[in-house]
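Below you'll find the structure, written out as C-alpha cells, and then a few comments.
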Number of protein chains: 2
Amino acid sequence: MSSAVVGLNAVIVSVGDTAPQVLVVSSGEGWALPSGQLAADDRTLDLALRRYVRDQTALELGYVEQLYTFGDLGRVPDERQRLLSVAYLALTRADEPSSNARWLDCYELLPWEDHRAGRPAVLDELVDPAVNAWADEVGAGEGGEARRQRGDIVFAFHDAPWDGVRVLERYELLYEVGLLTEAPGPSSATTIDSVPMRFDHRRMVATALGRLRGKLTYRPVVFELLPDTFTLLQLQRLVEALAGVALHKQNFRRLVERARLVEGTGDTLQTGGRPAELFRFRREVLTERPRPGVGVPWSL
Amino acid sequence: MSSAVVGLNAVIVSVGDTAPQVLVVSSGEGWALPSGQLAADDRTLDLALRRYVRDQTALELGYVEQLYTFGDLGRVPDERQRLLSVAYLALTRADEPSSNARWLDCYELLPWEDHRAGRPAVLDELVDPAVNAWADEVGAGEGGEARRQRGDIVFAFHDAPWDGVRVLERYELLYEVGLLTEAPGPSSATTIDSVPMRFDHRRMVATALGRLRGKLTYRPVVFELLPDTFTLLQLQRLVEALAGVALHKQNFRRLVERARLVEGTGDTLQTGGRPAELFRFRREVLTERPRPGVGVPWSL
DNA sequence: TCTTCTTATGCTCGCACTGAGTATAACCCC
DNA sequence: GGGGTTATACTCAGTGCGAGCATAAGAAGA
C-alpha cells in the first residue's frame with residue numbers, strides 16, 4: 001500500500017471593515033495558512049482541523065467545510081516528496097488573532113477580484129494583453145481561439161458577463177499565462193504583485209473565496225460572519241465585500257426582507273443619519289425555502 | 001511527519017434507459033467503486049485516477065472532478081488503520097463496461113431520491129416515523145425540535161420544499177436515525193433495503209449525485225452524457241433522471257431554446273410520433289451566459 | 001381513407017421577481 | 001431651520017416561469 005504525507009490547511013475567513021480577510025501565520029517563505037498534521041487519534045478530519053487551529057491560534061471555529069485536496073507533485077519545492085493537503089474553509093466572527101497570526105485582506109492576495117468600485121484596471125491593462133499573447137503562442141488556429149475564449153469567459157472580456165464565482169479558474173489562468181508565480185520569488189514587471197504566500201496557499205485562498213461566493217447565493221452563510229443583530233446596510237456591505245460587487249441598496253433590502261431571511265428586532269442603531277433598525281437572521285427560513293441565500297448578479 | 005494510506009475512488013456516472021447509473025466492480029463485500037492507489041510517479045491526482053480506471057475498466061474518462069476526501073477513523077473495518085480516500089466524480093457516455101464491472105442503477109442504491117413518479121412512499125411510511133422517534137429520543141425540548149426541523153428540511157415533511165441537491169444530507173440523516181447501515185450487513189425490517197456496497201462507497205455515490213444535481217443547474221454537464229446530437233425529449237429525460245423529478249415538457253423546451261443552450265441541426269429523428277428535430281449543444285453559450293445550466297425546480 | 005394514438009412544437013395567459021429610479025423619513029451638525 | 005447622511009417606502013417596466021390550450025406530423029389499425 002502506498003502512503004503519503006498528509007497535511008491539513010485552514011482558510012479561515014472573517015470580514016473586516018471593508019474586505020474579507022484570511023488568517024495567516026508567518027513562515028520562512030512569506031505568509032502561510034495555519035496547517036497541521038492528522039494525528040492518529042483524530043476521529044475525523046474536521047476534528048483534527050479544529051484541534052490544531054485551537055492550539056495554534058486560540059480560535060474556536062464555527063462553520064467548517066472541506067474545500068479540496070491538493071496532491072500534485074511539485075506543489076512543494078522538494079520534487080521527490082508528495083505532500084497531500086486537505087484544505088478547509090472556516091468562517092468566524094472573531095477579530096482578534098493571537099500573537100504570531102494576523103488577518104490578511106483577501107483582495108491584497110487577489111486584487112483582480114474586487115469589483116466594488118468598478119472593474120479593476122489591471123484586468124484590461126495587464127491581463128488582457130497577456131492572455132492575447134498566450135493565445136498567439138499556439139497560432140491563430142483552433143487552439144488559439146480556445147485560449148482566447150477561455151480568457152473571455154473567466155475575465156469577462158468582449159462583453160462576456162463577469163462571474164464572481166470563477167475565482168479559481170481566474171487564478172489558474174493567470175498562473176498559466178505567467179502573470180503570477182506560485183511560490184514566493186522575485187516579482188517582475190510582467191507579474192501581478194501581491195503578498196508572497198507559502199507553497200500553493202494563495203491558490204487555496206482562491207478556492208475558498210470562490211466556494212464562499214457560490215455558497216452565499218443559496219445558503220445563509222453570511223450570518224456566520226455577522227453579530228446576532230445587525231442593520232441591513234451592515235449585511236449589504238458584508239455581502240458586497242464577499243461577492244466583490246456593489247449592490248443596489250433598495251433592491252437588496254427588498255430581497256432579504258421578501259425572502260424572509262431576516263426579521264426586525266424593533267431596536268435601532270445610531271448610524272450618522274436616520275437610525276437603522278436592527279435585524280436578526282430568521283432561522284425558520286431554512287424550512288420554508290429550498291435555497292435561502294442573498295442573491296448577487298451572477299445567481300440570476 | 002504523520003502519514004496515512006491514501007486511496008482514490010471514482011464514481012463513474014452514465015445514464016441508462018431510465019436512470020443514472022454508476023460503474024461498480026464486484027468485491028468480497030458487495031459491490032465496490034473502482035479504486036486505486038496513488039503511485040509515486042503520478043503527477044496529479046486526476047491523472048492517477050484516469051490511469052487506474054483505464055487499467056481496471058478499459059474506460060477512458062472525459063469529465064472528471066474531485067468530490068470529497070474521506071478520512072474518518074472507522075470508515076473501514078480495521079479500527080487501527082486510517083484510510084484516506086479521495087473520491088472523484090466522472091462522467092461518461094460509454095455503455096459497455098468491461099468483464100467484471102457493471103452499471104448499477106443509482107436509484108437502487110438511493111431509492112428515496114427518485115421523485116419522477118411522485119414522492120416515494122418510503123419517505124412517509126418509513127422515514128417520517130423513524131425521524132420522529134429519533135427526535136423523541138432527546139425529549140420534546142430544544143434538541144428534539146432541532147432534530148425534527150432537520151428532518152423537515154432534508155425530507156420535505158410538513159410542506160417544506162423538496163431540494164434535490166441535498167442527497168448527502170439525506171443519506172447522513174438516514175444513517176443517524178438508523179435506517180441504513182454503512183457496511184454490508186444483515187438488513188432488518190427497520191432499515192431501508194438496498195444493494196450492499198463496500199465500506200462507505202454508497203455514501204460516495206450520494207455525494208456524487210448531489211454534486212451532479214447541483215452542477216446541472218449552472219454548468220452544461222448533461223451534454224457530457226449525451227451523444228453529439230439528440231432530441232429535446234432525450235435531453236429532458238436525461239435531466240429528469242439525474243434530477244429525480246419530472247419536468248413540464250413545453251417549458252423545458254422553451255428554457256433550453258431561449259437560454260440558447262442548444263441549436264437545431266435541421267435533421268430529424270423518427271420517434272413513434274411526429275419526428276423530432278435533432279439538436280446539438282451550442283458551445284458559444286459559455287461566453288454569453290454566466291451560469292449556463294438546465295434549470296430544475298430547486299434552482300428557482 | 002378515416003380514426004386514433006403518439007410525440008413534437010407553438011403560443012398565451014397570469015404571477016412573481018428584478019433592475020432602476022423617485023420620493024419621503026428621521027436622525028446629525030451647525 | 002438648512003444641509004448632510006442614512007433609512008425606508010413605493011412605482012414602473014421588463015423578464016422569466018408555471019400551467020395549460022392548441023396544432024402539427026408522423027404511425028397503426030379499422
Side-chain angles (χ1 to χ4, degrees), chain A residues 17 115 161-162 164 217-218 229-240 243 245-280 285 288-300, chain B residues 17 115 161-162 164 216-218 229-240 243 245-279 285 288-300:
Chain A
D17 286 336
H115 289 229
W162 176 258
T217 67
Y218 63 94
T229 66
F230 45 82
T231 68
L232 293 185
L233 189 59
Q234 285 171 347
L235 177 61
Q236 182 181 348
R237 291 292 176 239
L238 171 59
V239 172
E240 288 176 331
V245 294
L247 300 172
H248 185 286
K249 188 170 179 174
Q250 296 93 320
N251 290 345
F252 180 82
R253 168 183 214 81
R254 180 177 62 187
L255 191 85
V256 295
E257 287 205 283
R258 275 227 325 215
R260 307 198 61 193
L261 262 179
V262 297
E263 60 189 358
T265 63
D267 298 333
T268 59
L269 185 74
Q270 300 303 343
T271 61
R274 170 174 169 177
E277 183 171 7
L278 284 168
F279 289 79
R280 75 168 69 88
V285 77
E288 296 163 1
R289 309 202 145 234
R291 310 183 75 217
V294 286
V296 288
W298 59 77
S299 65
L300 291 192
Chain B
D17 287 335
H115 289 227
W162 176 258
L216 217 57
T217 67
Y218 61 95
T229 65
F230 45 82
T231 68
L232 292 185
L233 188 59
Q234 285 171 348
L235 177 60
Q236 181 181 347
R237 292 291 177 240
L238 171 59
V239 172
E240 289 176 330
V245 294
L247 300 173
H248 185 285
K249 189 170 180 176
Q250 295 92 322
N251 289 346
F252 180 81
R253 169 182 213 82
R254 179 177 62 188
L255 192 86
V256 294
E257 287 204 282
R258 275 227 326 213
R260 307 198 60 193
L261 262 179
V262 297
E263 60 189 358
T265 63
D267 298 331
T268 59
L269 186 74
Q270 299 303 344
T271 62
R274 170 174 169 177
E277 183 171 7
L278 284 167
F279 289 80
V285 77
E288 296 163 1
R289 309 202 145 233
R291 311 182 75 217
V294 285
V296 287
W298 59 77
S299 65
L300 290 191

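Every chain is numbered from 1, with letters handed out A, B, ... down the list of sequences.
Here the side chains of W298(B) and V245(B) are in contact, with some heavy-atom distance below 4.5 Å. Counting heavy atoms from C-beta outward, F230(A) and V262(A) have side chains that approach closer than 4.5 Å. Taking the side chain as every heavy atom from C-beta outward, L232(B) and E277(B) never approach each other to under 4.5 Å.
Side-chain proximity of N251(B) to the nucleotides dG10(C), dT6(D), dG18(D) is greatest for dG18(D). Closest approach to the R258(B) side chain among dT9(C), dG16(D), dT8(D) is made by dG16(D) (side chain taken as heavy atoms from C-beta onward). Taking every side-chain heavy atom of P275(B) into account, dA25(D) is the closest of dA9(D), dA25(D), dT8(D).
Separating the OG1 atom in T229(A) from the CD atom in Q234(A) is a distance of 8.0 Å, to the nearest 0.5 Å.
Along DNA chain D, the nucleotide closest to Q270(B) and the one closest to L232(A) are compared, and the more 5′ of them pairs with L232(A). Each of R254(B) and G273(B) was assigned the nucleotide of DNA chain C with the nearest heavy atom; the assignment lying further toward the 5' end belongs to G273(B). Residues G272(A) and Q234(B) both approach DNA chain C. Their nearest nucleotides, taken by heavy-atom distance, put Q234(B) toward the 5′ side.
Per the geometry, NE2 belonging to H248(A) stands 18 Å off P belonging to dC17(C), to the nearest Å. At whole-Å resolution of the value, CG in L255(B) and P in dC17(D) are 5 Å apart. Atom pair D267(B):CG and dA8(C):P shows a separation of 16 Å (rounding to whole Å applied). Look at CG on L269(A): it is 14 Å from C1' on dC28(C), rounded to the nearest Å. Protein atom CZ of R274(A) is 18 Å distant from nucleotide atom P of dC29(C), rounded to whole Å. Atom CZ in F230(B) sits roughly 14 Å away from atom P in dA8(C) (whole-Å rounding). Across the protein-nucleic acid pair, Q236(B) atom CD and dT9(C) atom C1' stand 13 Å apart, rounded to whole Å. Summarising the geometry, the separation between CD on E277(A) and P on dA9(D) is reported as 8 Å, rounded to the nearest angstrom.
Note on R253(B): a side-chain N or O is less than 4.0 Å away from OP1 or OP2 of dG10(C). Residue K249(A) places no side-chain N or O under 4.0 Å from the OP1 or OP2 atom of dT8(D).
L233(B) comes within 4.0 angstrom of sugar-phosphate atoms only, judged by non-hydrogen atoms across all strands, and of no base. Q250(A) comes within 4.0 angstrom of a base, heavy atoms only.
Annotation for P161(B) and R289(A): closest pair CG-C, 3.9 Å, computed over non-hydrogen atoms.
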